[in-house]
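Note sheet for the following structure.
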Amino acid sequence: QVQLVESGGGLVQAGGSMRLSCAASGLPFSSYVRGWFRQAPGKEREFVAAITRSAGVTDYADSVKGRFTISRDNAKNTVYLQMNSLKPEDTATYYCAAGGYLGQSPHNYNYWGQGTQVTVSS
């Protein structure tokens with residue numbers, strides 16, 4: 001069975017930093033991409049960042065470019081999201097995902113974690 005477990009969320013002040021982790025187990029070989037999405041109350045789930053398993057090609061939402069960095073450790077089957085210069089509008093539940101296509105649509109991803117809460121105070 002596939003398991004994706006996020007960790008590292010919590011409360012941080014605006015301008016601060018936080019690193020999220022997502023450990024995966026049981027992912028099939030077809031899971032070519034690992035990604036991060038986030039969802040705030042009353043809003044749709046939105047793409048944050050993604051990285052391919054092999055070449056490490058990355059993609060970022062415009063709202064986080066220059067502030068967030070996605071990385072991976074394939075030996076540990078873990079993906080990270082380093083978040084710097086955090087803003088209150090970054091407050092959301094962050095979800096780890098895996099899928100077969102590098103893209104910003106959640107439909108490209110077929111496995112999801114349970115989410116971890118990130119709250120940025122002003």
Side-chain angles (χ1 to χ4, degrees):
Q1 60 184 19
V2 175
Q3 298 273 342
L4 282 76
V5 181
E6 303 96 334
S7 61
L11 177 65
V12 65
Q13 293 184 6
S17 298
M18 182 175 287
R19 190 179 77 157
L20 305 182
S21 300
C22 177
S25 62
L27 282 176
F29 185 76
S30 58
S31 295
Y32 169 66
V33 175
R34 300 285 293 276
W36 288 95
F37 288 75
R38 66 188 183 186
Q39 188 167 25
K43 294 187 176 181
E44 294 183 349
R45 187 168 298 189
E46 67 172 347
F47 172 81
V48 176
I51 187 167
T52 65
R53 181 183 62 232
S54 55
V57 177
T58 59
D59 189 20
Y60 295 94
D62 288 341
S63 59
V64 306
K65 285 181 179 177
R67 299 189 299 121
F68 291 11
T69 302
I70 189 170
S71 61
R72 80 219 192 289
D73 185 339
N74 286 341
K76 297 181 179 180
N77 219 349
T78 299
V79 64
Y80 305 93
L81 185 68
Q82 178 65 47
M83 304 184 293
N84 299 325
S85 301
L86 283 162
K87 305 173 181 179
E89 48 263 49
D90 295 318
T91 295
T93 300
Y94 283 70
Y95 296 91
C96 174
Y101 300 91
L102 181 62
Q104 299 190 1
S105 171
H107 296 295
N108 292 341
Y109 303 84
N110 47 9
Y111 301 105
W112 296 86
Q114 81 289 346
T116 186
Q117 179 65 36
V118 173
T119 302
V120 184
S121 62
S122 60

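Index from 1, following the sequence.
Residue pairs meeting the salt bridge (Lys or Arg N to Asp or Glu O under 4.0 Å) criterion with at least one member in residues 102-122, sequence neighbours excluded, do not occur. Every pair passing salt bridge (Lys or Arg N to Asp or Glu O under 4.0 Å) that includes a residue from residues 40-56 is listed here, sequence neighbours excluded: Arg38-Glu46.
Counting Ile, Leu, Val, Met, Phe, Trp and Tyr side chains that sit under 4.5 Å apart, directly or through other members, Leu27 shares a hydrophobic cluster with Val2, Leu4, Tyr111.
With Thr52 contributing its side chain and Val57 its backbone, the two residues share a donor-acceptor pair below 3.5 Å. A donor-acceptor distance shorter than 3.5 angstrom exists from the side chain of Glu6 to the backbone of Gly115, with no hydrogens or angles considered.
Taking the side chain as every heavy atom from C-beta outward, Ile70 and Arg72 never approach each other to under 4.5 Å. When side chains are defined from C-beta on, Gln117 counts as touching Thr119, because their heavy atoms get closer than 4.5 Å. Counting heavy atoms from C-beta on, the side chains of Val5 and Gln114 come closer than 4.5 Å. Between Met83 and Ser17, every side-chain heavy-atom pair lies at or beyond the 4.5 Å cut-off. Between Val48 and Tyr95 there is no side-chain heavy-atom pair separated by less than 4.5 Å. Put simply, the side chain of Cys22 reaches to within 4.5 Å of the side chain of Trp36, judged on heavy atoms.
Val118 and Tyr60 fall within the same hydrophobic cluster, defined by Ile, Leu, Val, Met, Phe, Trp and Tyr side-chain heavy atoms under 4.5 Å apart, directly or through other members. Under the 4.5 Å side-chain heavy-atom criterion for Ile, Leu, Val, Met, Phe, Trp and Tyr, Leu20 and Val120 are members of the same hydrophobic cluster. When the side chains of ILVMFWY residues are joined at heavy-atom separations under 4.5 Å, either directly or via intervening members, Trp112 and Val33 end up in a single hydrophobic cluster.
Nearest heavy atoms, Ala92 versus Ala40: CB-N, 3.9 Å. Between Ala49 and Leu81, the closest heavy-atom pair is CB-CD1, 4.2 Å. Taking both residues in full, the closest heavy atoms of Cys96 and Arg34 are given as SG-NH2, 3.9 Å, listed atom of the first, atom of the second, then distance. Nearest heavy-atom pair across Thr78 and Ser21 is CG2-CB, 4.5 Å. The heavy-atom pair separating Ala61 from Phe47 by the smallest distance is CB-O, 3.4 Å. Of all heavy-atom pairs between Asp59 and Leu102, the closest is CB-CD1, 4.2 Å.
Defined by atom type and a distance below 3.5 Å, a donor-acceptor pair is missing between the side-chain atoms of Ser121 and Gln13.
Between Tyr101 and Tyr109, the distance separating the two ring centers is not shorter than 6.0 angstrom.
The aromatic rings of Phe68 and Tyr94 lie tilted to each other, with the angle between the two planes from 30° to 60°.
In this structure, Asp90 does not pair ionically with Lys87, as no charged nitrogen and carboxylate oxygen lie closer than 4.0 Å.
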